[in-house]
Q: 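I am attaching a structure below and will ask some questions about it afterwards.
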Protein chains: 2
Amino acid sequence: MTASTGKTAFKHEALYTALRTEIGATLRPHDPLPSERELVARFGVSRATVRQAVGRLEEEGLVYRSQGAGTFVADPSTISKSLALTSFSEDMRSRRLTPDSRLLDLTLVPAGVTVARDLSLSPGAEVAHVRRLRLADGLPMCVEEVWLPTERIGGLDAGTVAGSLYDALAGRGVQPHHADQVISATVVDADQAALLGVAPYSPALRVDRITYTEAGVAVERAESMYRADRYDFRITVTRRTP
Amino acid sequence: MTASTGKTAFKHEALYTALRTEIGATLRPHDPLPSERELVARFGVSRATVRQAVGRLEEEGLVYRSQGAGTFVADPSTISKSLALTSFSEDMRSRRLTPDSRLLDLTLVPAGVTVARDLSLSPGAEVAHVRRLRLADGLPMCVEEVWLPTERIGGLDAGTVAGSLYDALAGRGVQPHHADQVISATVVDADQAALLGVAPYSPALRVDRITYTEAGVAVERAESMYRADRYDFRITVTRRTP
DNA sequence: TAGTGGTCTAGACCACCCT
DNA sequence: GGGTGGTCTAGACCACTAT
């Protein structure tokens, strides 16, 4: 069933993927996972490898562990957004929603002042402009506008931007590494309201993001407007008291 | 030097604390940490234990690892401030604004259903309810509502809640350690609009927070409504290689 | 080539939960 | 008491980086 894409070289990744699939398919919230020792036997790996895979599931909020009792599937309503850089598609899947996309615009344009500055481009350099309506389980979730410097990532076509843009970038050898995000509140305009299926001036969570490679080269600038009634940001913060 | 507080039973915690202290004291940004194998020898533990301790430092953004090269102290300027649990006063000062507070309400009330659940209290247990208008450089920034379980933190008076609530808690021996935050977008009602000096139905960034001590005891539940035109959340997120 | 972090094994003991 | 997750050991090989 889990037809490997050929990229999963590590055992803990293969196990992680297998467990993730099973959680999404057959297990219900609060169902117990097989015990770690049973996974050792079933997958033919060591317990350390099992714990690495389950640990990642726990980090991502898909399961919770209870010492002495077992590991259980988390309640989706309590899934927290982690601080990992994720594409919309990945984010939705981690919330156990099916992502989809409707392309609204895909054009090559000269970079404006703001885009050029954020991407460290010469003003007027060519950028690909992508505007998409993003859906979760078929319902509008956000309107997203993205600018990509073509000189750094190559050209784009409609097929490429149908799914995860991060996958498309990775396919061109461009690996997103980190991003600066600004989260703010706003209200939608008439156009956005129509796309999202809400009344004009409804509240929206706005996320502005600039994505960089490991070398610090900006490869994406994105503005996303999320429906406030369907999306929030959950983070756990710890106190620094040195 | 590392005068144990008596609670650190695990080797990886002791090592984590030792490394954390060294990072804060003698090491500079981008300085290399001792290699994992050297830490094995120096602390007399296995490499798995070393990796657990260093892994926690990496999770918290204090160090970064580079395969084949080493582990290095992270640059503090790239540590996102929003990942730290801060009080309003601390947050404002870090933005170089002067915080102030206007007390709107301070009463002892029985905990409602939601508050009791979030703070793990018996329904009807006594909580202190604090409502404050928070100012930055003299201008309204947010309306904040806080519930505190009096049985865990003692009584409160107007003088105590004039400034930083976290300072007040620390003065009673209650140390906030971490918090779960939910960030969402909404619009203000007429009352909040009047206090914040904006039009009704203006957008606002809403932050719901439950604060815990190190032992996991909930000591504060807070709801804050920030003026959207004066406040945003900035975080740097990094990619987990999928 | 030598050293580093990343992965992995096959054990072990402990603290805790459930019945 | 039996099973679970949490911690820990003492090795090993691999992929990568620096020189």
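Owing to the predicted nature of the structure, the values given are computational and were not obtained by experimental measurement. Chain naming here is simple, since letters A, B, ... match the order of the sequence lines and numbering starts at 1 in each.
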Q: For Ala125(B), is there any backbone N or O sitting under 3.5 Å from a side-chain donor or acceptor partner on Ser122(B)?
A: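 Here the side-chain-to-backbone pair does not exist.
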Q: Counting C-beta onward and ignoring hydrogens, is there a side-chain heavy-atom pair between Ser224(A) and Phe88(A) closer than 4.5 Å?
A: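 Heavy-atom side-chain distance check fails, nothing below 4.5 Å.
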Q: Between Val115(A) and Val109(A), is any pair of side-chain heavy atoms under 4.5 Å apart?
A: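 No, every pair of side-chain atoms sits at 4.5 Å or beyond.
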Q: If I take atom CZ in residue Arg65(A) and atom C1' in nucleotide dG3(D), what distance separates them, rounded to the nearest angstrom?
A: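 The answer, rounded to whole Å, is 16 Å.
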Q: For the CZ atom of Phe233(B) and the CG atom of Leu205(B), what is their distance to the nearest 0.5 Å?
A: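 The CZ atom of Phe233(B) sits 7.0 Å away from the CG atom of Leu205(B).
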Q: Atom CD of Glu38(A) to atom C1' of dT4(D): distance rounded to whole Å?
A: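 These atoms are roughly 12 Å apart.
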Q: Atom OH of Tyr64(A) and atom P of dG6(D): how far apart are they, to the nearest Å?
A: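 In whole Å, dG6(D) P and Tyr64(A) OH are 13 Å from each other.
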Q: Starting at CD of Gln67(B) and ending at P of dA2(C), how long is that distance when rounded to a whole Å?
A: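 About 19 Å, once rounded to whole Å.
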Q: In this structure, how many angstroms lie between the C1' atom of dG3(D) and the CG atom of Leu33(A), rounded?
A: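 Rounded to the whole Å, the gap is 16 Å.
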Q: For dG3(C), take OP1 and OP2 only and decide whether either is under 4.0 Å from a side-chain N or O of Ser35(B).
A: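 No, Ser35(B) has no side-chain N/O under 4.0 Å of OP1/OP2 on dG3(C).
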Q: With under 30° as parallel and over 60° as perpendicular, where do the rings of Tyr231(A) and Tyr226(A) fit, or are they tilted in between?
A: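 Judged by the thresholds at 30° and 60°, the geometry between Tyr231(A) and Tyr226(A) is parallel.
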Q: Taking C-beta and beyond as the side chain, do Asp118(B) and Trp147(B) meet within less than 4.5 Å on heavy atoms?
A: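 No. Closest side-chain heavy atoms not under 4.5 Å.
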Q: Detail all sub-3.5 Å separations between protein N/O atoms and N/O atoms belonging to nucleotides 7-9 of chain C.
A:
residue, atom, partner, partner atom, Å
dT7(C), OP2, Gln52(A), NE2, 3.4
dC8(C), OP1, Lys11(A), N, 2.4
dC8(C), OP2, His12(A), N, 3.3
dC8(C), OP2, His12(A), ND1, 2.7
dT9(C), OP1, Lys11(A), NZ, 3.1
dT9(C), OP2, Ser46(A), N, 2.5
dT9(C), OP2, Ser46(A), OG, 2.8
dT9(C), OP2, Thr49(A), OG1, 2.7

